[in-house]
There are 2 protein chains.
Amino acid sequence: MTTLGYALLGLLAREPASGYDLKRQLQAPIGFFWRARHSQIYPELARLEAIGLVTYQVVAQHDLPDKKVYTITAEGRGALRDWVATPAEAPVVRDEVLLKTFSLWLVEPAAAVALVRDQERRHVEQLQVYEGLHQQLVQRAGAALTHWDSPYFASYITLQKGIGAERQYLEWCRWVVLLLEQPA
Amino acid sequence: MTTLGYALLGLLAREPASGYDLKRQLQAPIGFFWRARHSQIYPELARLEAIGLVTYQVVAQHDLPDKKVYTITAEGRGALRDWVATPAEAPVVRDEVLLKTFSLWLVEPAAAVALVRDQERRHVEQLQVYEGLHQQLVQRAGAALTHWDSPYFASYITLQKGIGAERQYLEWCRWVVLLLEQPA
DNA sequence: TCCTACATGTAAGGTGTTACATGATTCC
DNA sequence: GGAATCATGTAACACCTTACATGTAGGA
């Protein structure tokens, strides 16, 4: 099983969805834990169906194309649970911005500041998106927000990680700009 | 040009190195901005050499195998500088732990706590590595640490990002454990 | 004697991105 | 008329990981 497969199961464990629905959830800016394109999602759903972890029903819609609505099976839920309980590897760090930062000494301070400010702007936007999602979540979840067996709880702690990471990124951007702008 | 190519140029812009040296720098736990295996590095160095961004000299060693020591060329430095000054995309988030967190509501609190504690331990270790690198850096760099045109400065701000990210990850792990362990 | 470090490569396979492909409806 | 959304797929390519391959020197 691929990691993407588990990402899809993780979404389907909450509610049935079409490939298109899943695509939207695994897209920027809300897919903050994993991203995927539809060209990866459709074949993966077919594989999950082939091994019995999901099933689907074709649903006809008025004025819109038919869609395949996928549902997780009991085996799918079991596979997902087993995977979740298995210790995870450390995240693969692959940040192009940090790579550029590492060679930032090669460019003029003005260019360096432009680069970091651009990132700052990006992360401000992303933080706003996450905070919006958080507001929605708090309103919808109610008391379930802090119940360990509620999907709302899992969404809540995942989102909090995203929010914390964005804040930390922002703080760092601002600190770097301060360093670059202070007179030598 | 691939991102890995720029990662290699970024290291070679600081000092000449063999493929093996570069491999060590792009490995866990010190390769905190980008990681790569030797099977990717050697062919990439050959490509960089083919397009004139690096050159190499074979260096014979007593009691150890010969090595190819690569040096960045003026064109290589120029290409790297141009790339650094170009706005970067937002980092691709691909964190298996967050993916598991998203489905954490499916497992018992005990299993969930074990998972998060395991990550906590990992990040404590990583943080210690980074803090060690930071100590080394401060001692070696001296006043250059805050000079924008010094590679030490770039290393410093990159490392600070890594340290901040690890601390944020740790705080989050501890917060989640608290939530999971508090009586329902 | 076996394992690790040094040192450099290739090959096969899996994962992910970009582009190709189609077709209806709704909004500007 | 053109672009965006809904909806699903395939194909080609780029990137990354794992495994294969070889050889010396030093330590346990």
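Each chain gets a letter, A, B and so on, in the order the sequences are listed, and its residues count up from 1.
The CG atom of A:L48 sits 15 Å away from the P atom of D:dT8 (whole-angstrom rounding). In this structure, the CZ atom of A:R47 is 10 Å from the P atom of C:dG14, given to the nearest Å. In this entry the distance linking OH of B:Y42 with P of D:dC15 reads 21 Å, nearest Å. Taking atom CG of residue B:L22 and atom P of nucleotide C:dA7, one finds them 12 Å apart after rounding to whole Å. Atom P of nucleotide C:dT18 and atom NE2 of A:H38 are separated by 12 Å, given to the nearest angstrom. Remark: P of D:dC6 and CD1 of A:I41 are 14 Å apart, rounded to the nearest angstrom. Put simply, CG on B:D21 is 8 Å from P on C:dT8, counting in whole angstrom units. Between A:E96 atom CD and C:dG16 atom P the separation is 18 Å, expressed in whole Å.
Looking at A:L11 and B:F102, their side chains come closer than 4.5 Å, going by heavy atoms from C-beta outward. Considering only heavy atoms from C-beta on, A:Q40 comes within 4.5 Å of A:L4 through its side chain.
Each of C:dT18, C:dG16, D:dT8 was ranked by its minimum atom distance to the side chain of A:K68; first place goes to D:dT8. Set against D:dT10, C:dT25, D:dC16, the side chain of A:P43 has D:dT10 as its closest nucleotide.
For the pair B:Q40 and D:dC15, the criterion of a side-chain N or O lying under 4.0 Å from OP1 or OP2 is not met. The side chain of A:Y20 contributes no N or O atom lying less than 4.0 Å from OP1 or OP2 of D:dT8. Taking side-chain N and O atoms only, B:Q61 has no distance below 4.0 Å to OP1 or OP2 of C:dC6.
Annotation: of the two residues near DNA chain D, B:S39 and A:P65, the 5′-most nearest-nucleotide partner is A:P65. Both B:R94 and B:S18 sit near DNA chain C, but only B:S18 has its closest nucleotide nearer the 5' end.
Take A:E89 and apply the side chain to side chain contact (heavy atoms under 4.5 Å, CB included) test, not counting sequence neighbours, and it matches B:R122.
No engagement by A:K23 is indicated, since no non-hydrogen atom pair under 4.0 Å with the nucleic acid exists. Nucleic acid contact for B:R24: sugar-phosphate only, since backbone atoms but no base atoms lie under 4.0 Å from a heavy atom of the residue. Residue contacts for B:T3: at a heavy-atom cut-off of 4.0 Å it reaches no nucleic acid atom on any strand shown. As judged by a 4.0 angstrom heavy-atom cut-off over every strand, B:R35 is placed among residues making no nucleic acid contact.
Under the 30°/60° scheme for interplanar angles, the aromatic rings of B:Y156 and A:W175 are found to stand perpendicular.
Looking at B:E166, B:Q128, B:E171 one by one, the single match for side chain to side chain donor-acceptor pair (under 3.5 Å) with B:H123 turns out to be B:E166.
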